[in-house]
Amino acid sequence: MIYTLDIGNTRTKLAMFENNSLLKTEYLSTKNLTEELLFFLKKNKIKPKIVLASVVHLDPTLLNWLQTHTDFTQISHTTPLPLINKYQTPHTLGIDRLAVAAGATIKYPNTSRLIIDAGTCITYDFVNANNEYLGGAISPGLQLRYKALNDYTAKLPYLQTEDIDYFIGQNTNQSIQSGVINGIVAEIDNIIDRYKKDYRDLTIILTGGDTVFLAKRLKNIIFANPNFLSESLNNIYQYIIENDKKNHS
């Protein structure tokens, strides 16, 4: 059994793999991560294997416990990965972005890859057919757009995501929904089209919390996988193990 931990700004996704098959996912509060994760892990009678990627600084108490009681691998900028990081500031690249780029490199060989992670932010990460990570883009996600409209105006309400079938909003709420949802869909489709002009062999992966909501609205053909980061962490772990075996053989 291998556990992967995707530690985000507000919540942590815990996934359980056996023989490379995803068995189960759970969500924990990043704010209370030490307490919730230790409660979960202490129920295990065996020393678990854990692969972790975090965009926040971890509580030293949690790190010490993991190092002592688990077979623990933390993905970092120094982890050997199957790509060449050509980002101008490689150490500022989010570990979650680096992990999905590496995961796409492993899962979809011999092609260009565009990974779109639709969560708090929408991140675009591109790896070419030579396995070179070139960069991408960051823009506000659905909830950030709703919140910004409410925070920075006097009268616009704070709305939640809804299924809509209109383009022209006929009142304030509809106008917000149309602007946020149709705006994001237009952004994603346009960015995909720009990449496809330059890279005809492009493989497109959509992941993140808003995957299911957005996938059915996009005109471009994509691989929609909300668990792609968790699967990438598992695949990176297998890649590290295989490399270690080769280096010691």
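Everything quoted here is computed from the prediction, not taken from an experiment.
Of the charged side-chain nitrogens involved, at least one lies within less than 4.0 Å of a carboxylate oxygen, so that Arg97 and Asp125 count as a salt-bridged pair. A salt bridge is defined here as a Lys NZ or Arg NE, NH1 or NH2 lying under 4.0 Å from an Asp or Glu carboxylate O, and Lys219 with Asp193 meets this definition.
For the residue pair Thr105/Asn131, the side-chain donor-acceptor check at 3.5 Å is not satisfied. Judged by distance alone, the side chains of Glu187 and Tyr124 do bring a donor and an acceptor atom under 3.5 Å apart. A donor and an acceptor atom, one from each side chain of Gln177 and Tyr146, are located under 3.5 Å apart.
Heavy-atom minimum distance, Ile184 versus Gly141: CD1-C, 3.9 Å. Pairing each heavy atom of Ala102 with each of Leu81, the nearest pair is CB-CD2, 4.1 Å. In terms of heavy atoms, Arg217 sits closest to Val185 at O-CG1, 3.5 Å. When all heavy atoms of Asn128 and Glu132 are compared, the pair lying nearest together is ND2-OE1, 2.8 Å.
Scored by the side-chain contact (heavy atoms from CB on, under 4.5 Å) test, Pro140 finds Leu144, Arg145 as partners (sequence neighbours excluded). Shown here are the salt bridge (charged side-chain N to carboxylate O under 4.0 Å, His left out) partners of Lys197, two or more places apart in sequence or in another chain: there are none. A search for ring pair (Phe, Tyr, Trp, His ring centres under 6.0 Å) contacts involving His91 returns His77, not counting sequence neighbours. With sequence neighbours excluded, no residue forms a salt bridge (charged side-chain N to carboxylate O under 4.0 Å, His left out) with Arg113.
Both Tyr239 and Ile205 belong to a common hydrophobic cluster when Ile, Leu, Val, Met, Phe, Trp and Tyr are linked at side-chain heavy-atom distances under 4.5 angstrom.
With hydrogens and angles disregarded, a donor-acceptor distance shorter than 3.5 Å links the side chain of Asn182 to the backbone of Tyr166. Between the Thr111 side chain and the Tyr108 main chain, no donor and acceptor come within less than 3.5 Å of each other. A donor-acceptor pair under 3.5 Å is absent between the side-chain atoms of Thr4 and the main chain of Leu233, judged by distance alone.
With a 4.5 Å cut-off on side-chain heavy atoms, Leu33 and Val56 do not count as touching. You'll find the side chain of Leu149 reaches within 4.5 Å of the side chain of Ile176, heavy atoms only. A 4.5 Å side-chain heavy-atom check between Ile222 and Thr203 finds every atom pair outside the cut-off. Between Asn220 and Ile192 the shortest side-chain heavy-atom distance falls below 4.5 Å. Leu52 has its side chain out of reach of Ile75: every pair of non-hydrogen atoms, C-beta onward, lies at least 4.5 Å apart. At least one side-chain heavy atom of Leu206 sits under 4.5 Å from a side-chain heavy atom of Leu218. Put simply, the side chain of Phe72 does not reach to within 4.5 Å of the side chain of Lys49, judged on heavy atoms. Residues Met1 and Leu23 meet the side-chain proximity criterion, which asks for heavy atoms closer than 4.5 Å.
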Atom pairs and distances, donor-acceptor, side-chain atoms in residues 5-15, under 3.5 Å, two or more places apart:
unit_1 : atom_1 : unit_2 : atom_2 : d
Thr12  : OG1    : Thr30  : OG1    : 3.0
Lys13  : NZ     : Pro226 : O      : 3.2
Lys13  : NZ     : Asn227 : OD1    : 2.5

Check: residues 59-66 side-chain donor-acceptor pairs under 3.5 Å, at least two apart:
unit_1 : atom_1 : unit_2 : atom_2 : d
Asp59  : OD1    : Thr61  : N      : 2.9
Asp59  : OD1    : Thr61  : OG1    : 3.4
Asp59  : OD2    : Thr34  : OG1    : 3.1
Asn64  : ND2    : Pro60  : O      : 3.2
Trp65  : NE1    : His69  : ND1    : 3.3

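When each of Tyr133, Tyr87, Tyr199 is checked for a ring pair (Phe, Tyr, Trp, His ring centres under 6.0 Å) with Phe126, only Tyr199 meets the rule.
The environment of Asn171 atom CG is dense: over 12 non-hydrogen atoms of other residues, nucleotides or ligands sit within 6.0 angstrom. Within 6.0 Å of the CD atom in Glu35, the count of heavy atoms belonging to other residues, nucleotides or ligands does not exceed 12.
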